[in-house]
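Note that the coordinates shown come from a computational prediction; the quantities given were computed from them, not determined experimentally.
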Amino acid sequence: NVGVTSDYVFRGVSQTQEDPALQGGIDLSYGIGYAGVWASNVDFGANDPKTEIDFYAGVKPTVGDTSLDFGVLYYGYSKDKGLTPGSYSYVELKAAASRTFGPATLGAAVYYSPEYPGKGGDATYFEANAAMPVAEKLTLSGAVGHQSIKNYKDYNTWNVGVAYALTDKLSADLRYHGTDEHSLGKIYDSRLVVSLKAAF
């Protein structure tokens, strides 16, 4: 997959100082197992990493009508020192579940990191999400989440938007992101983001 976005927003926070990003990745699956790699440009400041490269793997079993997802993610950054105190790179464990109710899909997920970037200590992110088709090729979706970090200030985040399937492989997304901690800086401010993604 490859995509472009007007702002790379992760859990309500801009990762590019509100500038555009070029992104892409490769996913592999076998049975209930999966693995992948994904990359994007980032901008945390003048002397900070310019590229994020993530690796992830997990399993997606099904129990009745419920789809589960158990995985591990590694967020890596260029010119970083890996998993060392004060670095940007970190690991998260993921547990998620989703289920369809008529045309709608409801889901929830929790992510846990034993050491958040910048000596943040252990961190947990909770999210509830939903998606529903509202017209042919048009899907409405949104999510609310809470980021808890031991040595930093917690915050809540949310997003809502629509995705339109331009073709079988190309889709456009218009989404509003927000947090309740604008005092932490402009990258936490509310924003409207437009994205274009191709999946092959």
**Q** Find the distance between NZ (K197) and CG (D173) and round it off to the nearest 0.5 Å.
**A** 10.0 Å

**Q** Under 3.5 Å, which donor-acceptor pairs do the side chains of residues 8-20 form with other protein atoms, sequence neighbours left out?
**A**
unit_1	atom_1	unit_2	atom_2	d
Y8	OH	E52	OE1	2.9
Y8	OH	E52	OE2	3.2
R11	NH1	E92	OE2	2.9
R11	NH1	Q147	OE1	3.1
R11	NH2	E92	OE1	2.9
R11	NH2	E92	OE2	3.3
S14	OG	D7	OD1	2.8
S14	OG	T16	N	3.3
S14	OG	Q17	N	3.3
S14	OG	E18	N	2.8
Q15	NE2	V13	O	3.1
T16	OG1	D7	OD1	3.1
T16	OG1	Y8	N	3.4
T16	OG1	D19	O	2.6
Q17	NE2	D43	O	3.3
E18	OE2	R191	NH1	2.9

**Q** Write down the atom of L192, the atom of S6, and the distance for their closest heavy-atom approach.
**A** O-OG, 4.2 Å

**Q** Same hydrophobic cluster for L166 and L138, using side-chain heavy-atom links shorter than 4.5 Å among ILVMFWY?
**A** yes

**Q** Test of understanding: with side chain to side chain contact (heavy atoms under 4.5 Å, CB included), list the residues that count as partners of V63, not counting sequence neighbours.
**A** L68

**Q** Which pair of heavy atoms, one from P49 and one from V42, lies closest together, and at what distance?
**A** O-CG2, 3.5 Å

**Q** Any pair with a residue in residues 130-145 that passes salt bridge (Lys or Arg N to Asp or Glu O under 4.0 Å), sequence neighbours left out, goes on the list, sorted by first then second residue, please.
**A** none

**Q** Restricting to pairs with a member in residues 98-114, which pass salt bridge (Lys or Arg N to Asp or Glu O under 4.0 Å), not counting sequence neighbours?
**A** D65-R99

**Q** Can you name the side chain to side chain contact (heavy atoms under 4.5 Å, CB included) partners of A39, sequence neighbours left out?
**A** I53

**Q** Once ring pair (Phe, Tyr, Trp, His ring centres under 6.0 Å) is applied, do any residues pair with Y155, and if so which ones, sequence neighbours excluded?
**A** Y188

**Q** Compare all side-chain heavy atoms of V160 with those of L140 and state whether any distance is below 4.5 angstrom.
**A** yes

**Q** Can you list everything that forms a side chain to side chain donor-acceptor pair (under 3.5 Å) with T5? Sequence neighbours excluded, please.
**A** S195

**Q** State plainly whether one hydrophobic cluster holds both V194 and Y176, where clusters connect Ile, Leu, Val, Met, Phe, Trp and Tyr through side-chain heavy atoms under 4.5 angstrom apart.
**A** yes

**Q** Taking the side chain as everything from C-beta on, heavy atoms only, tell me whether T124 gets closer than 4.5 Å to F126.
**A** yes

**Q** Identify the two heavy atoms, one from G121 and one from E115, that lie closest to each other, and give their separation to 0.1 Å.
**A** N-OE2, 3.2 Å

**Q** Please tabulate, one pair per line, all N/O donor-acceptor pairs under 3.5 Å involving side-chain atoms of residues 22-34, not counting sequence neighbours.
**A**
unit_1	atom_1	unit_2	atom_2	d
Q23	NE2	S40	OG	3.2
D27	OD1	Y56	OH	2.5
Y34	OH	D69	OD1	2.6

**Q** Check for me, please, whether I149 and Y125 land in the same ILVMFWY cluster - side-chain distances under 4.5 Å, paths through other members count.
**A** yes

**Q** Please give me the minimum heavy-atom distance between T66 and A97, naming the atom from each residue.
**A** CG2-CB, 4.1 Å

**Q** Does N159 form a side chain to side chain donor-acceptor pair (under 3.5 Å) with H177? I'd like the steps, not just the answer.
**A** CA-CA 4 Å; N159 72 77; H177 297 266; 4.6 Å; no

**Q** Please answer: with hydrophobic residues joined when any side-chain heavy atoms are less than 4.5 Å apart, are L196 and V193 in the same cluster?
**A** no

**Q** What's the separation between atom CG in D168 and atom CZ in F200, rounded to the nearest 0.5 Å?
**A** 12.0 Å

**Q** Applying ring pair (Phe, Tyr, Trp, His ring centres under 6.0 Å), can you list everything that pairs with Y116, at least two apart in sequence or on another chain?
**A** Y90

**Q** Would you please name every residue forming a salt bridge (Lys or Arg N to Asp or Glu O under 4.0 Å) with K153, sequence neighbours left out?
**A** E181

**Q** Would you please name every residue forming a side chain to side chain contact (heavy atoms under 4.5 Å, CB included) with A57, sequence neighbours left out?
**A** A35

**Q** Does S141 offer a backbone N or O that forms a donor-acceptor pair with the side chain of R175 under 3.5 Å?
**A** yes

**Q** So which heavy atom on S89 is nearest to which on G76, and how close?
**A** OG-CA, 3.6 Å

**Q** Check whether V162 and Y164 end up in the same hydrophobic cluster, where Ile, Leu, Val, Met, Phe, Trp and Tyr are linked by side-chain heavy atoms less than 4.5 Å apart.
**A** yes

**Q** If you look at every heavy atom in N41 and A21, which pair is closest and at what distance?
**A** OD1-CA, 3.1 Å

**Q** Got a sec, which residues hit ring pair (Phe, Tyr, Trp, His ring centres under 6.0 Å) with Y77, two or more places apart in sequence or on another chain?
**A** F44

**Q** Rounded to the nearest 0.5 Å, what separation is found between the OH atom of Y74 and the CG atom of D54?
**A** 9.5 Å

